[in-house]
Amino acid sequence: MQVLPTSRIVMNPAICGGRPTIAGTRIRASDIVEMLANGATEAEILADFDELTAEDIKEAMLFAARSIGHPVLQVA
């Protein structure tokens with residue numbers, strides 16, 4: 001299952017080796033998720049990265065969730 005980029009999460013081979021980043025930045029979606037996992041708050045992340053918005057953080061988390069999900073198959 002391939003997770004497609006969103007309007008805020010983009011993949012460009014010329015930026016960060018094609019890893020998913022926040023549009024218009026070199027901040028990887030995985031970096032945001034990792035910061036949150038290590039205890040950083042949304043407010044702390046936004047204070048450290050002026051170019052980010054709260055919506056960017058939500059999109060990074062949604063992208064990560066979709067990336068580790070799997071298709072659900074239903075048998076008729």
Side-chain angles (χ1 to χ4, degrees):
M1 176 174 86
Q2 180 182 6
V3 178
L4 298 176
T6 68
S7 61
R8 295 183 186 282
I9 307 293
V10 297
M11 290 184 272
N12 179 337
I15 299 173
C16 295
R19 292 180 184 95
T21 59
I22 303 300
T25 75
R26 297 182 69 80
I27 301 170
R28 296 178 303 168
S30 62
D31 292 334
I32 293 171
V33 174
E34 187 173 348
M35 286 185 270
L36 291 166
N38 285 316
T41 65
E42 181 178 301
E44 290 170 332
I45 295 170
L46 293 174
D48 287 343
F49 298 93
D50 293 337
E51 60 271 50
L52 289 182
T53 67
E55 190 63 30
D56 293 330
I57 294 172
K58 289 179 181 77
E59 285 283 326
M61 298 220 6
L62 179 61
F63 186 85
R66 289 178 177 166
S67 296
I68 63 171
H70 60 85
V72 176
L73 303 177
Q74 294 182 358
V75 179

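Below, each value reflects all heavy atoms present in this structure, side chains not excepted, and no hydrogens, waters or symmetry copies.
Glu42 is listed as a side-chain neighbour of Lys58, based on a closest heavy-atom distance under 4.5 Å. Looking at heavy atoms from C-beta onward, Arg8 lies in side-chain contact with Thr53 at the 4.5 angstrom threshold.
Across every non-hydrogen atom of Ser7 and Ala23, the tightest pair is O-CB, 3.9 Å. The two residues Glu51 and Ile27 come nearest to each other via the heavy atoms OE2-CD1, 3.6 Å. The shortest heavy-atom contact between Arg26 and Cys16 is O-SG, 3.6 Å. Closest of all the heavy-atom pairs between Leu52 and Ile45 is CD1-CG2, 3.8 Å. Between Ile15 and Thr25, the closest heavy-atom pair is CG2-O, 4.1 Å. Taking both residues in full, the closest heavy atoms of Leu46 and Ala54 are given as CD2-N, 3.8 Å, listed atom of the first, atom of the second, then distance.
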(message) Checking Thr21 against Asn12 for the side chain to side chain contact (heavy atoms under 4.5 Å, CB included) test, could you report, in this order, the C-alpha distance in whole Å, the side-chain angles of both residues, the deciding distance, and whether it holds?
(response) CA-CA 8 Å; Thr21 59; Asn12 179 337; over 6 Å; no
(request) Output, in order, the C-alpha distance, side-chain angles, deciding distance and verdict of side chain to side chain contact (heavy atoms under 4.5 Å, CB included) for Ile22 and Ile9. (result) CA-CA 5 Å; Ile22 303 300; Ile9 307 293; 3.5 Å; yes
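Interatomic distance, Phe63 CZ to Ile32 CD1, rounded to the nearest 0.5 Å: 11.5 Å.
Heavy atoms from other residues, nucleotides or ligands lying under 6.0 Å from CE of Met35 number more than 12. Environment of CD in Glu44: crowded, with over 12 heavy atoms of neighbouring residues, nucleotides or ligands closer than 6.0 Å.
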